[in-house]
Amino acid sequence: MDEMMQLIPDGSLVMLHGFPSSSHMYRNLIPALADRYHVIAPDFPGFGLSSRPDKANFEYSFAAIANLIAAFLDQIGPTMLST
């Protein structure tokens, strides 16, 4: 499995895009996996179709993006990840 994908024990698959890129890169892969997994492919802030927070309010660093994605996954939690 690609290092950019992380399987969550409940059968969800989190796909994180590279830098700079967007979840659009998975547009053909998501439908192929959707019958077996609940696929989650968020865009990082300022990438793809996500909003672009002002630099005064958001630190565009790998650490800040990692923390944001971790908080997002904590927020949706295992019950939201279940299909």
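- Residue Ile40 forms a side chain to side chain contact (heavy atoms under 4.5 Å, CB included) with just one option from Ile76, Leu13, Ile30, and that option is Ile76.
- With sequence neighbours left out, the ring-ring contact (aromatic ring centres under 6.0 Å, His included) criterion links Phe44 to His17.
- In terms of the side chain to side chain contact (heavy atoms under 4.5 Å, CB included) criterion, residue partners of Asp54 (sequence neighbours excluded) are, by chain and number, Ala56, Asn57.
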Below 3.5 Å, can you tabulate the donor-acceptor pairs from side chains in residues 62-72 to any protein atom, sequence neighbours excluded?
unit_1, atom_1, unit_2, atom_2, d
Asn67, ND2, Ala63, O, 3.2

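- For Ser22, there are no side chain to side chain donor-acceptor pair (under 3.5 Å) partners two or more places apart in sequence or in a different chain.
- Listed by chain and number, the residues in a side chain to side chain donor-acceptor pair (under 3.5 Å) with Arg27 are His24 (sequence neighbours excluded).
- Minimum heavy-atom separation, Arg52 to Tyr60: C-OH, 3.5 Å.
- Ser51 is linked by a side chain to side chain donor-acceptor pair (under 3.5 Å) to nothing, counting only residues two or more places apart in sequence or in another chain.
- Taking every heavy atom of both residues into account, Pro53 and Gly46 meet most closely at CD-N, 4.3 Å.
- The heavy-atom pair separating Ala41 from Ser23 by the smallest distance is O-CB, 3.2 Å.
- Formation of a donor-acceptor pair under 3.5 Å by the Tyr26 side chain with backbone atoms of Leu16 is found in this model.
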